[in-house]
Novice: 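Before I ask anything, here is the structure I am working with.
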Amino acid sequence: MDYGSGNLRSVQKAFEHVGFAAEVGDDPRKVRSAAGIVLPGVGAFGSAMEGLESRGLIEVLRERVEAGVPFLGVCLGLQLLFEKSEESPGVAGLGLLRGDVRRLPPGTKIPHIGWNQAEIVQDSDLFQDVPDLSAFYFVHSYVVVPERPADVLTITEYGTTTFVSGVESENVTAVQFHPEKSSRLGLRVYENFARRVAGG
Amino acid sequence: MHLKRVIPCLDVDKGRVVKGTNFVDIRDAGDPVELAAHYDREGADELVFLDITASHEARNTIIDLARRCAEELFIPFTIGGGIRSEDDVRALLRAGADKVSLNSAALKDPGLIESCALRFGSQCVVLAIDAKRVSAPGERPRWEVFLNGGRIATGRDAIEWAREAVARGAGEILLTSMDRDGTKDGYELELTRAVVQAVQVPVIASGGAGDLDHLAQVILETDADAVLAASIFHFGEYTIREAKERMAAAGLPVRL
């Protein structure tokens, strides 16, 4: 989904690289007919929600996710799933998952840039053939704090803190890191998601 | 656990890699994209392309390079060298670069760091500092920022400049010791440590890597976030994999 918020081509070519087609677009009708939806994104929470709203994408996104269409959120696309963010007070998120988004605690280097490990705490086909504690590339200053422990898919240690780096709830999966910048194992994550879409 | 990064640096002139290489899996060793993909396969965590093209007309080749890299690379890459304005930064990021590295333009106009950080985010603004020790032996150590490969002194204190750049929004510091660059004597530990302690953003150590122990040493002794090296990888002396294995053996967390 294109809502004016960057790095779409890199996600698209990652799918192409593993042999699947991905279309970039902001047309709600296309979203409605898609077999799977990817919400990437870099930038600020508030302007991203505005970008989604101005393109009429919020309703269709909610509708399709509730209908069970496989959904993958990446980076800001993870954060937008929640109810609100400290980054943009007063702006409502998609609210598809319960919880909020908070700034990384002081004392850690912010933004968190670089490779870090994801500890897998829930079985998921997204991490098929991806070893536990594999390294992925992160670039972010905010982290999600899910209300329901069952939604947590991966956790990551950073400095003195441990944050939720991936969530999964039924057909909704999202990760804080950038699989499209995480070399071989990142490509495998996209391949696994594409297989989920193709098999569903 | 947050991992330490190994970053090969490629000097590029008019779209071609300047220092020759002879890797078996590369058809055209002068093609930065092929070399970059080779490093990705070997386990490089990130890449830096430094454009040393002098003529302004040839500048567009670096945008083409960013575009081609974005198509074929699945690790982050930074482009530096010759970036003068916010428009240059925008063009490179649009072409697919993950970050840009600012140097002389930021010294001339420190506001450029702020405007780029505001517009594009701190995460993509790297400040490159070329520093040279200017204190006499026995004196409290001081380093000055230099331009043009160490030829032009700026009068600015390197530590102060790092602090100011971060306050203005730089998300990372790429710190090169002009005293060590090209010497293969190892990184400048005291300088690196001083900058790491002065700022709350990742510091990439650069200049002086001659063997694999140097890579581990600078991180162990300064807590730098990443090491950048050129010649030890380009001439096939060591592979990225060997570098990371040595770092892991020294107790450093790396991606293997």
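Proteins get letters first, then strands, A, B, ... in listed order; numbering begins at 1 in each. Side chains are part of it too, since the values below use all heavy atoms of this structure and drop only hydrogens, waters and symmetry mates.
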Novice: For A:H140, which atoms come within 4.5 Å of any heavy atom of chain B: side chain, backbone, both, or neither?
Specialist: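 Contact with chain B: none, neither part.
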Novice: Using a cut-off of 6.0 Å, state whether more than 12 heavy atoms not belonging to B:R90 lie near its atom CZ.
Specialist: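 Atom CZ in B:R90 is packed in, count exceeds 12.
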Novice: In Å, rounded to the nearest 0.5 Å, how long is the span from SG of A:C75 to CD of B:Q123?
Specialist: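 Spacing of SG (A:C75) from CD (B:Q123) equals 8.5 Å.
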Novice: Determine the minimum heavy-atom distance between B:V201 and A:I110, stating which atoms define it.
Specialist: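 For B:V201 versus A:I110, the nearest heavy atoms are CG1-O, 4.3 Å.
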Novice: Side chains of A:I113 and B:E172: closer than 4.5 Å at any heavy-atom pair?
Specialist: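 Side chain of A:I113 against side chain of B:E172, heavy atoms only: contact under 4.5 Å found.
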Novice: Do B:R41 and A:S183 pass the side-chain contact (heavy atoms from CB on, under 4.5 Å) test, and can you show the C-alpha distance, the side-chain angles, and the key distance before you say yes or no?
Specialist: CA-CA 8 Å; B:R41 287 193 295 275; A:S183 200; over 6 Å; no
Novice: Tell me, please, whether B:F74 has A:K13 positioned over its six-membered ring: NZ or CZ under 6.0 Å from the ring centre and within 45 degrees of its axis?
Specialist: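 Verdict for B:F74: a cation-pi partner in A:K13.
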Novice: When you look at NZ of A:K84, are more than 12 heavy atoms from neighbouring residues, nucleotides or ligands closer to it than 6.0 Å?
Specialist: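 Incorrect, the count does not exceed 12.
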Novice: Taking atom CD as the centre, does A:E170 end up with more than 12 heavy-atom neighbours from other residues, nucleotides or ligands that are less than 6.0 angstrom away?
Specialist: no
Novice: Do B:D40 and A:R184 have side chains that get closer than 4.5 Å, going by heavy atoms?
Specialist: no
Novice: Counting heavy-atom pairs closer than 4.5 Å to chain A, which one of B:L93, B:V199, B:D98, B:V254 comes out on top?
Specialist: B:D98
Novice: Taking it one step at a time, do A:Q117 and B:L3 satisfy side-chain contact (heavy atoms from CB on, under 4.5 Å)?
Specialist: CA-CA 8 Å; A:Q117 293 166 296; B:L3 306 177; 4.2 Å; yes
Novice: What part of A:T108 gets closer than 4.5 Å to chain B, counting heavy atoms only: side chain, backbone, both or neither?
Specialist: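 Answer is backbone: N, CA, C or O of A:T108 sit under 4.5 Å from chain B.
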Novice: Regarding B:E46 and A:K181, does a basic nitrogen lie under 4.0 Å from an acidic carboxylate oxygen?
Specialist: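 Judged by the 4.0 Å cut-off on N to carboxylate O distance, B:E46 and A:K181 do not form a salt bridge.
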Novice: Would you say CZ of A:R148 has more than 12 non-hydrogen atoms from neighbouring residues, nucleotides or ligands within 6.0 angstrom?
Specialist: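 Yes, enclosed.
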Novice: Would you call B:H2 and A:N116 a side-chain contact if the rule is heavy atoms closer than 4.5 Å?
Specialist: yes
Novice: Can you tell me how far apart OG (A:S182) and CG (B:D45) are? Round to the nearest 0.5 Å.
Specialist: 10.5 Å
Novice: Less than 4.5 Å to any heavy atom of chain B: does that hold for the side chain of A:L187, its backbone, both, or neither?
Specialist: side chain
Novice: Report, as yes or no, whether the 6.0 Å neighbourhood of atom CD on A:E53 holds more than 12 heavy atoms from other residues, nucleotides or ligands.
Specialist: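 For A:E53, atom CD is not crowded (no more than 12 foreign heavy atoms under 6.0 Å).
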Novice: If you draw a 6.0 Å radius around CZ in A:R98, do more than 12 non-hydrogen atoms from other residues or ligands fall strictly inside?
Specialist: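 Count not over threshold, so no.
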Novice: Please check if the number of heavy atoms outside B:E114 that lie under 6.0 Å from its CD is greater than 12.
Specialist: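 Yes, the 6.0 Å shell around CD holds more than 12 heavy atoms from other groups.
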Novice: As an exercise: rank A:A14, A:G107, A:G159 by heavy-atom pairs under 4.5 Å with chain B and give me the winner.
Specialist: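 The option with the most such pairs is A:A14.
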Novice: Is there side-chain contact between B:I75 and A:W115, with at least one heavy-atom pair below 4.5 Å?
Specialist: yes
Novice: Output the option from B:A70, B:P253, B:C124, B:S122 having the highest count of non-hydrogen pairs under 4.5 Å with chain A.
Specialist: B:A70
Novice: How many angstroms lie between atom CZ of A:F136 and atom CZ of B:R255, to the nearest 0.5 angstrom?
Specialist: 10.0 Å
Novice: Checking A:T156 against chain B: side chain, backbone, both or neither under 4.5 Å from a heavy atom?
Specialist: neither
